[in-house]
Structures are given as C-alpha cells and as structure tokens.
Amino acid sequence: QVQLVESGGGLVQAGGSLRLSCAASGRTFSSSGMAWIRQAPGKERELVAAINWSGKSTYYADSVKGRFTISRDNAKNLVYLQMNSLKPEDTAVYFCAQRQGASYSSQQADYDYWGQGTQVTVSS
C-alpha cells in the first residue's frame, strides 16, 4: 500500500521561497517516477515538476522552469520541491504523486497514487 504525505506548505510573500517534502511509504518508491501537481482555485490542475526513479531525469512546466527544483532521496523515501522566486499565481494546493513506472511522465493521468496535498499561499 502506497501512502504519500506532503508537508512544508504555508504563507509566503512574493519573491520568497518554500521547500515542500513528500514522504512515501511502501517498497516501490525507489523504482517509481514521482511528480508534483498543483490545483489553484478556479484553474485546471497542473503538473509542475516530475522526476524519474534515479533523480537524473526531470521535467518542469514552463510556468515554473528556472524557479522550482524537484529532487529525491531514495534512502529516505522522500521527494522535494524547492520553490524560489514565488509569485502570487503559484498559490495552490500542491499534491505529490507516484506512478508505477520508473520513468517520469508529464501527464497527470499516468500517476497512480496521490497525497492529500499541502496549501501554498503567496501574498503580493
């Protein structure tokens, strides 16, 4: 059984930084692609970053490229999202997701397990 628990969200001023963490249970984490997906009020869900099983391949949405960094620690079953230069439009609930394949995918539908999400609010 896979369980994902996000943490690290909060309120930050524009231009600030936050680091989200996702703790994964289960023995499949180190062989699974992972992603961070966000849902803002009134907007479609957006996959913002993804990473393959080893951490050597990553994907970023254009909206966060150059500002966000995804990484993972397979020894600790953790995946991170470092968010810098935050903007009010980054305000959303951020979800961690895991897929059963080793590669990453830029498609939300390819992710099989989701966490409950953590709220990120960026004030102007």
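- Judged purely by atom type and a 3.5 angstrom limit, Ser32 uses its side chain to pair as donor or acceptor with the backbone of Arg99.
- For Thr118, there are no side chain to side chain donor-acceptor pair (under 3.5 Å) partners, not counting sequence neighbours.
- In this model, a donor atom of one side chain and an acceptor atom of the other lie less than 3.5 Å apart for Gln100 and Tyr113.
- Under the 4.5 angstrom side-chain criterion for Ile, Leu, Val, Met, Phe, Trp and Tyr, Val5 has no cluster partners at all.
- Summarising the geometry, atom CG belonging to Leu81 is positioned 11.5 Å from atom CE belonging to Met34; distances are rounded to the nearest 0.5 Å.
- Between Ile37 and Tyr94 there is no side-chain heavy-atom pair separated by less than 4.5 Å.
- Taking each heavy atom of Gly8 and Leu18 in turn, the nearest pair found is O-CD2, 3.8 Å.
- Looking at Met83 and Thr69, their side chains never come closer than 4.5 Å, going by heavy atoms from C-beta outward.
- In this structure the side chain of Val120 never reaches within 4.5 angstrom of the side chain of Thr91, judged on heavy atoms.
- For Gln39, the side-chain contact (heavy atoms from CB on, under 4.5 Å) partners at least two apart in sequence or on another chain are Arg45, Phe95.
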Tabulate below the donor-acceptor pairs under 3.5 Å that side-chain atoms of residues 20-30 make, not counting sequence neighbours, or state none.
residue: Ser25; atom: OG; partner: Gln3; partner atom: N; Å: 2.8
residue: Ser25; atom: OG; partner: Gln3; partner atom: O; Å: 3.4
residue: Thr28; atom: OG1; partner: Gln98; partner atom: NE2; Å: 3.0

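- Remark: Ala50 engages Ala35, Leu47, Tyr59, Tyr104, Tyr111 in a side-chain contact (heavy atoms from CB on, under 4.5 Å) (not counting sequence neighbours).
- Residue pairs that meet the side chain to side chain donor-acceptor pair (under 3.5 Å) test with at least one member in residues 6-16, sequence neighbours left out, do not exist here.
- Residues meeting the side-chain contact (heavy atoms from CB on, under 4.5 Å) test with Ala14, sequence neighbours left out: Pro88, Val122.
- Taking every heavy atom of both residues into account, Leu4 and Cys96 meet most closely at CD1-O, 3.6 Å.
- For Ser54, the side chain to side chain donor-acceptor pair (under 3.5 Å) criterion is met by Asn52, not counting sequence neighbours.
- Val93 and Trp114 fall within a single hydrophobic cluster, where Ile, Leu, Val, Met, Phe, Trp and Tyr side chains are chained together by heavy-atom contacts under 4.5 Å.
- Pairs passing the side chain to side chain donor-acceptor pair (under 3.5 Å) check and including a residue from residues 78-87, sequence neighbours excluded, read Ser17-Asn84, Gln82-Asn84.
- In Glu89, the CD atom is crowded: over 12 heavy atoms of neighbouring residues, nucleotides or ligands sit closer than 6.0 Å.
- Checked against side chain to side chain donor-acceptor pair (under 3.5 Å), Arg19 has no partners two or more places apart in sequence or in another chain.
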Hey, mind stepping through Arg38 and Val64 against side-chain contact (heavy atoms from CB on, under 4.5 Å) and telling me if it holds?
CA-CA 11 Å; Arg38 69 186 180 187; Val64 306; 3.9 Å; yes
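- Screening residues 71-83 for salt bridge (charged side-chain N to carboxylate O under 4.0 Å, His left out) gives no qualifying pairs among residues at least two apart or on separate chains.
- Formation of a donor-acceptor pair under 3.5 Å by the Tyr60 side chain with backbone atoms of Ile70 is found in this model.
- Minimum interatomic distance between Arg67 and Leu86 (heavy atoms only, all atoms of both residues): NH1-CA, 3.9 Å.
- Side-chain contact check for Ser103 versus Trp53: every heavy-atom pair is 4.5 Å or farther apart.
- The salt bridge (charged side-chain N to carboxylate O under 4.0 Å, His left out) analysis of residues 48-64, with sequence neighbours excluded, yields the pairs Asp62-Lys65.
- Shown here for Val79 and Ser71, the closest heavy-atom pair between the two residues is CG2-O, 3.1 Å.
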